[in-house]
Number of protein chains: 2
Amino acid sequence: MATISEVAQRAGVSTATVSRHLRGERVRQADRVLVAIEELGYRPTIAAQSLRSGIHYAVAMVVPDITNPYFASVAKGVESVLRKTPYRIFLANTDESPDLEESILREVAPRVDGIILAPAVEKEEMPLKIRGEGRPIVLIDRELSDKSFDSVLVDNVGGATAAARHLLDLGHSAIALISGPLVNTPGRLRYDAFLRALATAGVTPPPQYREIANFREAGGYEAMMRLLRLPEPPTAVFCANNVMTVGCLKAVADSRLSVPTDISVIGFDDLDLGMLLNPPLTVIDRPSEEQGAAAGKLMLERLRGGRPDVPDRIVMPTRLLARASCAPPRRTRLTITSGGGEMS
Amino acid sequence: MATISEVAQRAGVSTATVSRHLRGERVRQADRVLVAIEELGYRPTIAAQSLRSGIHYAVAMVVPDITNPYFASVAKGVESVLRKTPYRIFLANTDESPDLEESILREVAPRVDGIILAPAVEKEEMPLKIRGEGRPIVLIDRELSDKSFDSVLVDNVGGATAAARHLLDLGHSAIALISGPLVNTPGRLRYDAFLRALATAGVTPPPQYREIANFREAGGYEAMMRLLRLPEPPTAVFCANNVMTVGCLKAVADSRLSVPTDISVIGFDDLDLGMLLNPPLTVIDRPSEEQGAAAGKLMLERLRGGRPDVPDRIVMPTRLLARASCAPPRRTRLTITSGGGEMS
DNA sequence: GTGAAAGCGCTAACAT
DNA sequence: ATGTTAGCGCTTTCAC
């Protein structure tokens with residue numbers, strides 16, 4: 001690999017001039033330098049740049065699970081923006097574990113210029129420390145208790161409220177909720193907003209209708225199984241994210257029940273096959289790839305611009321995709337016929 | 001951040017000794033060094049290590065589309081293995097574009113120690129060049145014309161053959177195929193094996209039954225639409241990957257047709273909701289996360305072990321998940337009633 | 001087994 | 001606007 005001094009020599013200038021040219025400063029002999037760079041096929045050595053300048057041209061993307069289509073989509077959005085820059089993306093999965101997240105952050109922070117993070121819990125110590133060391137953090141999907149961070153979110157309250165109203169409008173009152181953990185933003189916000197919207201209409205789900213699961217498929221499955229086995233099962237259920245909805249639907253199928261005849265289901269996040277299910281799934285949809293792109297752009301802004309006085313908090317709208325998995329409640333009591341079946 | 005010389009000073013040894021200790025060499029004063037490292041919270045600066053030693057502690061993962069559940073799953077597998085090592089993962093999407101792939105490879109190669117690649121086409125120039133510079137390449141899902149690369153694959157031939165036999169066994173003879181591009185391994189192998197298996201049974205699909213699409217949802221949709229509009233539509237179709245199967249199913253739905261009454265569908269790759277579809281989707285399944293983990297392990301082996309004389313070619317088995325989307329062919333002619341509908 | 005010292009390729013003062 | 005030069009933090013001869 002050619003070095004900067006070879007370029008300098010060939011162009012008849014100093015290494016400093018080449019270096020300046022590289023970073024976009026105005027240079028008189030720009031053309032000569034350019035030619036030398038071309039001819040030698042010169043590419044700067046990132047490690048040397050990093051060592052000297054502290055810039056790594058890398059951003060970490062830390063998410064609970066890249067296998068969740070929502071985060072995969074976010075990652076794609078981020079990638080599409082950073083692709084056009086010299087910044088590359090380190091990908092890390094936290095598995096929704098606060099401990100793993102902390103160790104990943106500690107480990108990766110010194111190697112990157114900034115972090116795009118979907119935190120497992122709302123504890124801000126690590127992020128605060130990292131930002132304090134001059135590395136911008138952009139939160140995605142989830143906030144921290146400390147509201148001073150840049151973030152790209154969706155209107156969780158609006159979405160959960162719309163879900164509640166949709167069920168209410170159809171005449172449901174025995175409404176259950178499979179929530180995510182209350183320790184992160186979307187979990188808590190969707191839980192609160194959904195229950196508040198029900199309360200406004202005079203509906204208060206009993207404790208056994210309020211399942212707190214973990215945003216994972218198995219959690220959704222188990223929660224739904226518990227709901228269906230209740231002496232008085234609900235007539236409708238709201239699943240607070242995509243993968244729990246999958247689990248929920250599998251539980252319904254394994255119980256030999258059908259949607260929406262026996263129970264109405266509405267999910268947060270669309271599923272790729274949502275419209276192909278029988279019945280097509282009613283969901284609260286949100287622009288995931290756009291969120292990723294927004295997070296990427298915000299990160300670039302911070303990377304270039306220095307510290308802002310006020311955090312940027314981008315909230316994107318959700319929309320209700322009313323398909324056919326929600327219908328008016330049945331009048332008769334629900335009875336479970338059987339259990340078992342395929343479950344991943 | 002503490003430096004190695006601070007550690008050396010505190011431990012009363014030279015920086016060389018600390019450095020040796022760090023890389024696992026036997027050192028007499030190991031305990032003293034360890035204590036100093038602990039007390040100072042010392043962490044080596046990767047940039048300095050890279051500059052000096054050429055080791056980056058980074059591996060690139062270059063895939064066509066992280067949004068494809070198969071690749072997301074592979075990424076998770078890779079991540080789970082590398083997490084326990086000092087190596088981090090750069091993620092890049094090629095969008096199935098050979099040009100983009102080439103520029104990404106060129107750009108990222110100097111920053112990493114190795115590359116896990118699912119190539120868009122079978123051209124091996126860039127990979128050869130990169131390997132020639134001492135960076136191991138592990139292919140995943142797809143091979144190159146040059147068979148000297150390490151790779152982690154699935155039994156495409158076995159899978160496609162099983163799919164063909166399944167349809168044949170049900171009594172189909174008007175069998176169509178929505179193939180991936182013939183310029184990459186799974187595309188070509190599945191195409192060839194499927195047709196060969198049919199030929200063995202005396203079935204030769206006419207050219208209009210052989211759709212060459214692009215492994216994308218829209219491609220699967222359009223291909224299926226063309227098939228369904230044929231004067232004599234097929235009674236069964238094999239979709240060569242997950243996202244094309246989704247497109248295919250949407251096309252069937254939009255044509256107001258139903259599976260398997262009007263047409264049987266079998267897909268390569270399971271879908272998360274595959275079993276929840278009506279009817280549950282019959283698929284050729286493969287162990288994607290395990291493939292990722294295998295690729296990660298193979299990469300680590302190469303990273304530690306130096307160049308092997310013979311490439312490692314890991315081929316994992318597929319299995320047929322016979323659910324209900326394939327049934328014996330109908331006897332009557334198929335007629336399209338209508339079109340239109342929701343399509344992403 | 002250990003230390004001294006050179007230098008990886010680059011950037012950022014500083015000087016001009 | 002450009003050149004000179006020190007040195008970022010580490011690994012690795014080389015000598016002992």
Side-chain angles (χ1 to χ4, degrees), chain A residues 1-37 40-58 86-87 107 109-113 133-135 303-304 306, chain B residues 1-37 40-58 86-87 107 109-113 133-135 303-304 306:
Chain A
M1 206 46 212
T3 72
I4 203 173
S5 28
E6 297 177 56
V7 174
Q9 191 170 353
R10 187 177 250 268
V13 297
S14 72
T15 60
T17 300
V18 178
S19 177
R20 286 178 186 119
H21 174 83
L22 251 37
R23 52 192 38 247
E25 276 181 50
R26 273 232 139 318
V27 158
R28 234 190 279 291
Q29 317 251 46
D31 41 354
R32 306 205 54 195
V33 174
L34 200 58
V35 168
I37 288 175
L40 292 167
Y42 168 77
R43 314 261 309 148
T45 301
I46 309 269
Q49 292 183 315
S50 297
L51 182 57
R52 185 57 233 238
S53 69
I55 299 172
H56 299 90
Y57 294 110
Y87 293 91
E107 204 271 334
R111 303 185 56 171
V112 299
D113 305 308
E133 288 161 357
R135 281 170 243 272
L303 254 19
R304 318 214 221 250
Chain B
M1 207 45 212
T3 72
I4 201 173
S5 28
E6 297 177 56
V7 173
Q9 191 170 353
R10 187 176 251 266
V13 297
S14 73
T15 60
T17 300
V18 178
S19 177
R20 285 176 187 122
H21 173 82
L22 251 37
R23 53 191 38 247
E25 276 181 50
R26 272 233 141 318
V27 157
R28 238 190 277 289
Q29 317 252 44
D31 40 355
R32 304 205 55 195
V33 174
L34 200 58
V35 168
I37 287 174
L40 291 168
Y42 169 76
R43 313 263 306 149
T45 301
I46 309 270
Q49 291 184 317
S50 298
L51 181 57
R52 184 58 234 243
S53 70
I55 300 172
H56 299 91
Y57 293 111
Y87 292 92
E107 204 271 332
R111 303 185 57 172
V112 300
D113 304 308
E133 288 162 355
R135 281 170 242 273
L303 255 18
R304 319 213 221 252

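In what follows, every chain begins at residue 1, and chains take the letters A, B, ... in the order their sequences are listed.
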S.K.: Without decimals, in angstroms, what is the distance between B:Met1 CE and D:dC10 P?
M.R.: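 Result: 8 Å.
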S.K.: At less than 4.0 Å, is any side-chain N or O atom of B:Thr17 found next to OP1 or OP2 of C:dG3? Yes or no.
M.R.: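 Yes.
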S.K.: If you pin B:Val13 and A:Thr3 to their nearest nucleotides in DNA chain C, which one's is more 5'?
M.R.: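 First, find each residue's nearest nucleotide; the 5'-ward one identifies B:Val13.
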S.K.: Measure CZ/A:Arg52 against P/C:dA12 and give the value in whole Å, please.
M.R.: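 Distance, rounded to whole Å: 6 Å.
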S.K.: Does a nitrogen or oxygen in the side chain of B:Gln49 sit under 4.0 Å from OP1 or OP2 of D:dT11?
M.R.: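 So the side-chain polar atoms of B:Gln49 do come within 4.0 Å of the phosphate oxygens OP1 or OP2 of D:dT11, strictly under.
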S.K.: Contact class for A:Gln29 (heavy atom, under 4.0 Å): base, sugar-phosphate, or nothing?
M.R.: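 The residue A:Gln29 makes sugar-phosphate contact but no base contact.
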S.K.: Provide, to the nearest angstrom, the distance between the CD atom belonging to B:Glu25 and the P atom belonging to D:dT12.
M.R.: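 Computing the B:Glu25:CD to D:dT12:P distance gives 9 Å.
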S.K.: Would you mind reading off the distance between A:Arg23 atom CZ and D:dA1 atom P, rounded to a whole angstrom?
M.R.: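 To the nearest whole Å, that distance equals 16 Å.
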S.K.: If I take atom CG in residue A:Leu51 and atom C1' in nucleotide D:dG7, what distance separates them, rounded to the nearest angstrom?
M.R.: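 Distance, rounded to whole Å: 9 Å.
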S.K.: Test your reading of the model: is there a side-chain donor-acceptor pair from B:Ser50 to the backbone of A:Ala47, 3.5 Å cut-off?
M.R.: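 Checked: no pair found.
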S.K.: Rounded to whole Å, please give me the gap between NE2 in A:His56 and P in C:dT11.
M.R.: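 So the NE2-P distance, A:His56 to C:dT11, works out to 14 Å.
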S.K.: So, is A:Ser53 close to the C:dT11 phosphate, meaning a side-chain N or O under 4.0 Å from OP1 or OP2?
M.R.: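 For A:Ser53, the contact criterion (side-chain N or O under 4.0 Å from OP1 or OP2 of C:dT11) is not met.
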S.K.: Kindly say whether A:Gln49 contributes a backbone atom to a donor-acceptor pair with the side chain of A:Ser53 at under 3.5 angstrom?
M.R.: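 Present.
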S.K.: Compare every heavy atom of A:Ala11 with every heavy atom of A:Val33, then report the nearest pair and how far apart it is.
M.R.: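 Distance-wise, the nearest heavy atoms are CA-CB, 3.9 Å.
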S.K.: Grab the CG-P distance between B:Leu22 and C:dG1 for me, whole Å please.
M.R.: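 It is 17 Å, rounded to the nearest whole Å.
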S.K.: Using OP1 and OP2 only, check whether a side-chain N or O of A:Ser19 sits under 4.0 Å from C:dT11.
M.R.: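 It does, given that an N or O in the side chain of A:Ser19 lies less than 4.0 Å from OP1 or OP2 of C:dT11.
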S.K.: Taking all non-hydrogen atoms of both residues into account, name the closest pair between A:His56 and A:Ile46 and its distance.
M.R.: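 The pair with the smallest heavy-atom distance is O-CG2, 3.8 Å.
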S.K.: Report yes if at least one side-chain N or O of B:Thr45 is closer than 4.0 Å to OP1 or OP2 of D:dG9; otherwise report no.
M.R.: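 It does not, given that no N or O in the side chain of B:Thr45 lies less than 4.0 Å from OP1 or OP2 of D:dG9.
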S.K.: Kindly check if the number of other-residue, nucleotide or ligand heavy atoms within 6.0 Å of CD (B:Gln9) is above 12?
M.R.: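 No, because the 6.0 Å sphere around CD of B:Gln9 holds 12 heavy atoms or fewer from other groups.
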S.K.: Considering heavy-atom distances to DNA chain C, does A:Ala2 or B:Arg26 have its closest nucleotide positioned more toward the 5' end?
M.R.: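 By nearest-heavy-atom nucleotide position, the 5'-most residue is B:Arg26.
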S.K.: Please classify the nucleic acid contact of A:Arg20 as base, sugar-phosphate, or nothing, using heavy-atom distances under 4.0 Å.
M.R.: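 Base: the residue A:Arg20, judged by heavy atoms under 4.0 Å, touches a nucleobase.
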S.K.: Nearest-Å distance, CZ (B:Arg32) to C1' (C:dT2)?
M.R.: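 Nearest whole value for this atom pair: 14 Å.
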S.K.: Between C:dG9, D:dC10, C:dC10, spot the one nearest the side chain of A:Ile4, thanks.
M.R.: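 Nearest listed nucleotide: C:dC10.
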S.K.: Would you indicate, yes or no, if C:dC10 has its OP1 or OP2 atom less than 4.0 angstrom from a side-chain nitrogen or oxygen of A:Tyr57?
M.R.: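 Looking at the OP1 and OP2 atoms of C:dC10, neither is under 4.0 Å from any side-chain N or O of A:Tyr57.
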